[in-house]
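The structure appears below as structure tokens.
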Amino acid sequence: MTEQPRRSYDLLLENIEADLRSGAISLGDQLPGERTLAETYGISRASVREGIRILDAMGVLRSSSGSGPKSGAIIVSEPSAGLSSALRLHMASSRLPVADIVQTRVLLETWAAATAAGLPPSDAKDAALARAAALLEAMDAPGIEREAFHLLDAAFHVELTSLAGNAVIETMMASMSGAISGYVKNAVDGMEDWTEVMLELQAQHHGIYEAVAAGRGDDAARLLREHIEWFYARIPAGTADGASEASEA
């Protein structure tokens, strides 16, 4: 296997990683300007700009032009944004089939629901359940538009996943939710029987929520699996590449 040539901006990425690990830089810190970074790491300013763009796309920093304390490159941490972008691109290239994304959702969400249901009461759990309940109420609003329902639905699933208290699982779930957002929106827009589908989804959401809130982990996991598979089985064929496989997930 031919070894890939080392890119000059890799040095910048490696040093940013090392500085984050050591605590030399932390969230909210502003990176030095291009000239200083280029001189510090012995690379061109063009390579610095390329590295900054990559870190921005990965959700590691946010860059902005202009002057002042909020300009330049600021260290942030938005891992789901970067992962969502990568997943969307690989799904578009058909390297990551929608059916596999659906199956991964089932694995993550059923584990998270069972785990969350088994956790003892706490202020954090009560707060997350309250946010999930508020999302349910918003989805139940009479005359809600399809797009609004879809966005609330996605937020509800991410909120339930967060109850398990696993930051990596929550990030992965948020990433997948963002990655398939366009695919699901197209599917929802193409459903002629959307009103009936929405009513069923509302009922399923309430059942899942009640099982988690009541501590019935096995029921919550089962209901989530049935819910996800039920919805994808109703996506019209041809909505996007992989739609036919999604119904088999």
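What you see is a predicted model, and the numbers here were worked out from it, not measured in a lab.
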Please name all residues satisfying side chain to side chain donor-acceptor pair (under 3.5 Å) with [X], sequence neighbours left out, ordered by chain then number.
| X | result |
| --- | --- |
| Glu17 | Arg21 |
| Ser44 | Ser47 |
| Arg35 | none |

Can you pull the salt bridge (charged side-chain N to carboxylate O under 4.0 Å, His left out) pairs that have at least one residue in residues 40-51, sequence neighbours excluded?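 Salt bridge (charged side-chain N to carboxylate O under 4.0 Å, His left out) check on residues 40-51 returns Glu34-Arg45, Glu34-Arg49, Glu50-Arg53.
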Would you list the pairs meeting salt bridge (charged side-chain N to carboxylate O under 4.0 Å, His left out) in which at least one residue belongs to residues 180-195, sequence neighbours left out?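 Every pair satisfying salt bridge (charged side-chain N to carboxylate O under 4.0 Å, His left out) with a residue in residues 180-195: Lys185-Asp189.
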Is there a side-chain contact between Val184 and Phe231 in this structure, where contact means two heavy atoms from C-beta onward sitting under 4.5 Å apart?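 With C-beta onward as the side chain, the pair touches.
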Mind jotting down which residue pairs meet the ring pair (Phe, Tyr, Trp, His ring centres under 6.0 Å) criterion with at least one end in residues 116-151? Sequence neighbours excluded, please.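 For residues 116-151: Phe149-Trp194.
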Considering all heavy atoms, the nearest [X]-[Y] contact:
| X | Y | value |
| --- | --- | --- |
| Ile144 | Ala148 | CG1-CB, 3.9 Å |
| Leu163 | Ala128 | CD2-CB, 3.3 Å |
| Ile43 | Ser8 | CG2-O, 3.5 Å |

Side-chain heavy atoms under 4.5 angstrom apart, residues restricted to Ile, Leu, Val, Met, Phe, Trp, Tyr: same cluster for [X] and [Y]?
| X | Y | result |
| --- | --- | --- |
| Leu107 | Ile180 | no |
| Leu151 | Val188 | no |
| Tyr232 | Trp230 | yes |

Spatial distance of atom [atom1] ([X]) from atom [atom2] ([Y]) [nearest 0.5 Å]:
| X | Y | atom1 | atom2 | result |
| --- | --- | --- | --- | --- |
| Tyr41 | Asn15 | OH | CG | 4.5 Å |
| Asn186 | Ile235 | CG | CD1 | 10.0 Å |
| Met198 | Glu200 | CE | CD | 12.0 Å |
| Leu108 | His157 | CG | NE2 | 13.0 Å |
| Ser63 | Ile52 | OG | CD1 | 7.0 Å |
| Leu31 | Ile74 | CG | CD1 | 7.5 Å |

Name the atoms and distances for all side-chain donor-acceptor pairs under 3.5 Å in residues 209-217, with sequence neighbours left out.
{"unit_1": "Tyr209", "atom_1": "OH", "unit_2": "Leu129", "atom_2": "O", "d": "3.3"}
{"unit_1": "Arg216", "atom_1": "NE", "unit_2": "Asp219", "atom_2": "OD2", "d": "2.9"}

So, using salt bridge (Lys or Arg N to Asp or Glu O under 4.0 Å) as the criterion, who are the partners of Arg225 when residues are at least two apart?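 Here the qualifying residues are Glu229.
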The criterion is salt bridge (Lys or Arg N to Asp or Glu O under 4.0 Å); which residues satisfy it with Glu226, sequence neighbours excluded?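 Expected list: Arg222.
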Mind checking what makes side-chain contact (heavy atoms from CB on, under 4.5 Å) contact with Leu13, not counting sequence neighbours?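 Leu13 satisfies side-chain contact (heavy atoms from CB on, under 4.5 Å) with Tyr9, Ile54, Leu55 once adjacent residues are dropped.
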Could you pull out all donor-acceptor pairs under 3.5 Å where a side-chain atom in residues 114-125 meets a protein atom, sequence neighbours excluded?
{"unit_1": "Thr115", "atom_1": "OG1", "unit_2": "Trp111", "atom_2": "O", "d": "2.9"}
{"unit_1": "Ser122", "atom_1": "OG", "unit_2": "Lys125", "atom_2": "N", "d": "3.1"}
{"unit_1": "Lys125", "atom_1": "NZ", "unit_2": "Ala116", "atom_2": "O", "d": "2.9"}
{"unit_1": "Lys125", "atom_1": "NZ", "unit_2": "Leu119", "atom_2": "O", "d": "2.8"}

With sequence neighbours left out, which residue pairs that include part of residues 127-145 fulfil the side-chain hydrogen bond (donor to acceptor under 3.5 Å, both in side chains) condition?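 For residues 127-145, and leaving out neighbouring residues, the side-chain hydrogen bond (donor to acceptor under 3.5 Å, both in side chains) pairs sorted by first residue read Arg131-Glu159, Asp140-His206.
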Positive for side-chain contact (heavy atoms from CB on, under 4.5 Å) with Ile228, one of Val106, Leu223, Thr110: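 Option passing the side-chain contact (heavy atoms from CB on, under 4.5 Å) with Ile228: Val106.
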Option among Ile208, Ile169, Thr161 that satisfies the side-chain contact (heavy atoms from CB on, under 4.5 Å) test with Glu109: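 Output: one option passes, namely Thr161.
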Please check: side-chain N/O of [X] versus main-chain N/O of [Y], any donor-acceptor pairing under 3.5 Å?
| X | Y | answer |
| --- | --- | --- |
| Ser22 | Ala18 | yes |
| Thr104 | Asp100 | yes |
| Asp29 | Ser26 | yes |

Are more than 12 heavy atoms, taken from residues, nucleotides or ligands other than Asp218, located less than 6.0 Å from that residue's CG atom?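 12 or below, so no.
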Take His205 and Asp153 through the test side chain to side chain contact (heavy atoms under 4.5 Å, CB included) and record every step on the way to the result. CA-CA 9 Å; His205 287 150; Asp153 188 340; 3.3 Å; yes
